[in-house]
Amino acid sequence: MKVGIGYDVHRLVAGRKLILGGVEIPFERGLLGHSDADVLLHAIGDAILGALGLGDLGRHFPDTDPRYKNIFSLNLLEQIQAMAEQKGFSCINIDATIVAQEPKLAPYAGAMAENISRCTKIDKGAVNIKAKTTEGLGFEGSGEGMSAYAVVLMKKI
């Protein structure tokens, strides 16, 4: 068994779609990044890579590589899943938290979990997505950005 932890953060800006867990969320701003800036999938990807001792997203999908410009992060998670399988590991469960003052994300958690379970080839019930505010504190609370944390448990297959 191996455990990995992941973290990601992106700034909120006008003129971008808000994509979290591969789900487009109606909101007046989106996350700024080289890819679609999906903080949730980036945190989960980093957690899986970390559990396997494979570094982080930036090592495998650098923001200097034009192949990853505006890439849908579900595609990155599928590639990370393939790396895990190549190393002989699979996810047992994923627990993740998105930190954002707004919009309300709970209505989208099920669709996010579905996308993640499909990419990681685990049961949807093994994917737990939570959303928290910071009660107006910090960059998330002021609406400057969003962050996400993830923990994964991996097993040898």
Side-chain angles (χ1 to χ4, degrees), residues 1-10 12 16-61 67-68 70-135 140-141 145-157:
M1 301 272 207
K2 294 184 177 231
V3 174
I5 186 167
Y7 170 76
D8 195 43
V9 61
H10 285 278
L12 279 164
R16 294 266 303 188
K17 291 179 181 180
L18 178 58
I19 310 289
L20 294 168
V23 176
E24 186 174 335
I25 313 280
F27 194 57
E28 67 269 7
R29 294 177 292 149
L31 295 167
L32 180 63
H34 185 69
S35 67
D36 64 4
D38 188 327
V39 292
L40 176 59
L41 295 183
H42 293 181
I44 292 169
D46 266 352
I48 294 169
L49 290 168
L52 300 173
L54 295 174
D56 63 12
L57 254 67
R59 177 174 159 192
H60 297 278
F61 313 104
R67 291 180 296 168
Y68 306 118
N70 296 318
I71 193 168
F72 196 42
S73 291
L74 282 172
N75 295 338
L76 300 179
L77 189 56
E78 287 171 349
Q79 291 180 50
I80 293 166
Q81 172 63 25
M83 290 179 210
E85 290 171 4
Q86 189 173 39
K87 288 279 247 182
F89 280 86
S90 67
C91 286
I92 293 177
N93 81 308
I94 298 170
D95 186 35
T97 303
I98 304 165
V99 184
Q101 195 63 37
E102 58 178 346
K104 295 293 183 193
L105 300 173
Y108 306 99
M112 292 178 201
E114 237 172 74
N115 286 339
I116 294 161
S117 70
R118 185 178 64 253
C119 286
T120 56
K121 301 179 182 178
I122 62 174
D123 185 80
K124 182 181 169 187
V127 178
N128 187 50
I129 307 298
K130 304 175 296 292
K132 300 290 183 186
T133 70
T134 62
E135 304 297 326
E140 297 105 328
M146 292 182 178
S147 65
Y149 298 84
V151 176
V152 301
L153 181 61
M154 309 287 291
K155 69 176 178 178
K156 190 84 170 153
I157 43 178

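In this chain, numbering begins with 1 at the start of the sequence shown.
- Within the 4.5 Å cutoff, side-chain heavy atoms of T120 are placed close to those of Q81.
- In terms of heavy-atom proximity, I157 sits nearest to F89 at CG1-N, 3.8 Å.
- Remark: of the listed residues V151, V127, I116, I116 is the sole one forming a side chain to side chain contact (heavy atoms under 4.5 Å, CB included) with I44.
- Between the CG atom in L12 and the CD atom in Q101 there is a gap of 11.5 Å [rounded to 0.5 Å].
- Here the closest non-hydrogen pair linking C91 and M154 is SG-SD, 3.4 Å.
- When every heavy atom of L105 is checked against every heavy atom of A100, the shortest pair comes out as CD1-CB, 4.4 Å.
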> Between M83 and I48, is a side-chain contact (heavy atoms from CB on, under 4.5 Å) present by the stated rule, with each step listed?
Replying inline: CA-CA 9 Å; M83 290 179 210; I48 294 169; over 6 Å; no
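- Side-chain contact check for S90 versus E85: every heavy-atom pair is 4.5 Å or farther apart.
- Taking the side chain as every heavy atom from C-beta outward, I94 and N128 never approach each other to under 4.5 Å.
- To the nearest 0.5 Å, the span separating CD1 on I19 from CG on L31 amounts to 9.0 Å.
- Between the NZ atom in K124 and the CE atom in M112 there is a gap of 11.5 Å [rounded to 0.5 Å].
- Side-chain contact between P103 and L18 is present, with heavy atoms from C-beta onward closer than 4.5 Å.
- At most 12 heavy atoms of other shown residues, nucleotides or ligands fall within 6.0 angstrom of atom NZ in K17.
- Nearest approach of H42 to A37, heavy atoms of both residues: CE1-CA, 3.8 Å.
- No more than 12 heavy atoms of other residues, nucleotides or ligands lie within 6.0 Å of CD in Q86, so this atom counts as exposed by the packing criterion.
- Of all heavy-atom pairs between E140 and S147, the closest is OE2-OG, 2.6 Å.
- When side chains are defined from C-beta on, Q79 does not count as touching H60, because their heavy atoms never get closer than 4.5 Å.
- In this structure, R16 CZ and R29 CZ are separated by 13.5 Å, a value rounded to the nearest 0.5 Å.
- Side-chain contact between Y68 and L76 is present, with at least one heavy-atom pair separated by less than 4.5 Å.
- Taking each heavy atom of E78 and C119 in turn, the nearest pair found is CG-SG, 3.6 Å.
- By the 4.5 Å heavy-atom criterion applied to side chains, H34 and F61 are not counted as neighbours.
- Proximity of a side-chain donor or acceptor of D36 to a complementary backbone N or O of S73 within less than 3.5 Å is detected.
- Here the CG atom belonging to L57 is positioned 4.5 Å from the CD1 atom belonging to I80, to the nearest 0.5 angstrom.
- In this structure, CG in D95 is found 8.0 Å from CD1 in I129, a value given to the nearest 0.5 Å.
- Between the side chain of D38 and the backbone N or O of G22, at least one donor-acceptor pair lies under 3.5 Å.
- Taking the side chain as every heavy atom from C-beta outward, R59 and L49 never approach each other to under 4.5 Å.
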